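Being a predicted model, the structure only gives us computed values, none of them experimental.
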Amino acid sequence: MSNFVQKFLEEATVLDTETTGLDSKTAEIIEFATALYQDGGWKIQSQLFNTPSGIPPESSAKNQISNRMVQGCPYFDESVMFDVLNMLGAPKYFVAHYAEYDQAVLVHSFERMNQNVVASMFANPSVWICTWRVARHIYSPSFQDKSYAQNYLRYKLDLPVPDNIGVHRADADVQVCGALLERLIEDGLVQGVLNPNEEIGPQLVGLTHRTIVTG
């Protein structure tokens, strides 16, 4: 592993949210997880959160988080804000699959708490890397109309994650996303999409915000 790759991985925090709905402006976070690269592997932390409005059945059907599971858990509010921030470590970059949603739901969640400084940290586009968008740039056109969903890429690329971890739970998703991030960097360097002689983070941010050409 090159120094640039090692440095980037240690600067990045992979994160995932599970929520009560798809509208990022109103969705409440019911699970939050992070993965930090330490000693050659990913250290994963996760936390369930209760919600005053309850978890709709359509959300539970997707993420397998029920109202019973979050009974007695803290609410995602100011009382646990520092616990959440501590889970992030000291990142220079946030990494997520379909990062646009996770970014938006975190921004809106902290804005509702009037924690505008924290919200502005998450709102900064220059610190976000989306593995879905990066994968589109690295693997197109070879995938053509195939899926770029994280679970598809998990099996398409035979990522080195345990076979028994599930889907749409935050702790499982950050584990897969971390492995995907490493593979994207590896393949991006081989294909010449990434320059091995430059910082990796800014290149991945650039790919995240580059227009995806289809057709």
Side-chain angles (χ1 to χ4, degrees), residues 8-38 42-56 58-60 62-67 69-134 150 168-178 181 201-202 204-205 208-209:
F8 164 72
L9 291 175
E10 292 175 352
E11 293 174 336
T13 293
V14 178
L15 62 82
D16 185 65
T17 61
E18 298 299 333
T19 68
T20 56
L22 296 178
D23 185 345
S24 63
K25 294 181 180 179
T26 59
E28 297 175 80
I29 295 173
I30 54 176
E31 188 174 35
F32 182 71
T34 62
L36 308 180
Y37 193 80
Q38 298 177 352
W42 294 99
K43 177 186 176 183
I44 297 168
Q45 302 177 80
S46 66
Q47 173 69 56
L48 285 171
F49 298 100
N50 205 342
T51 170
S53 58
I55 305 173
E58 59 268 27
S59 297
S60 295
K62 180 179 179 182
N63 54 40
Q64 289 86 56
I65 301 173
S66 69
N67 286 296
M69 291 170 62
V70 299
Q71 285 182 2
C73 293
Y75 293 91
F76 192 91
D77 58 15
E78 293 186 48
S79 67
V80 297
M81 183 183 73
F82 292 106
D83 293 334
V84 172
L85 295 180
N86 285 336
M87 289 171 64
L88 294 172
K92 188 173 181 180
Y93 301 100
F94 299 125
V95 181
H97 206 70
Y98 302 123
E100 183 178 1
Y101 177 80
D102 293 288
Q103 179 186 20
V105 79
L106 285 164
V107 169
H108 291 307
S109 294
F110 282 102
E111 284 179 342
R112 288 196 297 269
M113 295 189 291
N114 294 315
Q115 294 292 340
N116 294 323
V117 173
V118 179
S120 66
M121 173 185 73
F122 286 114
N124 182 2
S126 67
V127 300
W128 281 91
I129 293 164
C130 176
T131 50
W132 179 81
R133 295 185 66 87
V134 171
Q150 181 169 277
H168 294 309
R169 285 297 303 269
D171 55 351
D173 283 355
V174 294
Q175 187 171 0
V176 176
C177 192
L181 176 65
L204 293 176
V205 171
T208 294
H209 297 290

_Straight-line distance of H209 NE2 to I129 CD1, nearest 0.5 Å_ = 8.5 Å

*Quick one: does E100's side chain get under 4.5 Å of S24's, heavy atoms only?*
no

_So, taking the atom named CE in M69 and the one named CD1 in I30, what distance separates them when rounded to the nearest 0.5 Å?_
8.5 Å

*Of all residues at least two apart in sequence or in a different chain, which pass the ring-ring contact (aromatic ring centres under 6.0 Å, His included) check with Y101?*
none

*Not counting sequence neighbours, list each pair that qualifies as a salt bridge (Lys or Arg N to Asp or Glu O under 4.0 Å) and has a residue in residues 9-33.*
K7-E11, E31-R169

*Of all the heavy-atom pairs spanning G21 and S59, show the shortest one and how long it is.*
N-OG, 3.7 Å

*Can you tell if the side chain of T34 reaches within under 4.5 Å of the side chain of V174, non-hydrogen atoms only?*
no

*Qualifying salt bridge (Lys or Arg N to Asp or Glu O under 4.0 Å) pairs, either residue in residues 103-116, two or more places apart*: none

_Determine whether V84 and F49 satisfy the following criterion, side chain to side chain contact (heavy atoms under 4.5 Å, CB included), listing intermediate values before the conclusion._
CA-CA 11 Å; V84 172; F49 298 100; 3.9 Å; yes

*Starting from the C-alpha separation in whole Å, work towards a yes-or-no answer on side chain to side chain contact (heavy atoms under 4.5 Å, CB included) for F8 and L204.*
CA-CA 10 Å; F8 164 72; L204 293 176; 3.6 Å; yes

*Is any side-chain heavy atom of D173 closer than 4.5 Å to a side-chain heavy atom of H168?*
yes

*Heavy atoms from other residues, nucleotides or ligands near CG of L22 exceed 12 (cutoff 6.0 Å)*: no

_Just so I know, are the side chains of V134 and L181 near enough to count as touching, which here means a heavy-atom distance under 4.5 Å?_
no

*Got T26 and T20 here, is their nearest side-chain heavy-atom distance under 4.5 Å?*
no

*Apply side chain to side chain contact (heavy atoms under 4.5 Å, CB included) to the pair I44 and V14, showing each step before the final yes or no.*
CA-CA 9 Å; I44 297 168; V14 178; over 6 Å; no

*Determine whether L85 and M121 make a side-chain contact, defined as any pair of heavy atoms from C-beta on separated by less than 4.5 Å.*
yes

*Taking the side chain as every heavy atom from C-beta outward, state whether Q45 and L36 have any pair of such atoms under 4.5 Å apart.*
yes

*Does the side chain of C177 reach to within under 4.5 Å of the side chain of Q150, using non-hydrogen atoms?*
yes

*How long is the span from the OG1 atom in T51 to the CD1 atom in I65, to the nearest 0.5 Å?*
11.5 Å

*Please work out which of the three classes, parallel, tilted or perpendicular, describes the rings of F110 and F76, given edges at 30° and 60°.*
perpendicular

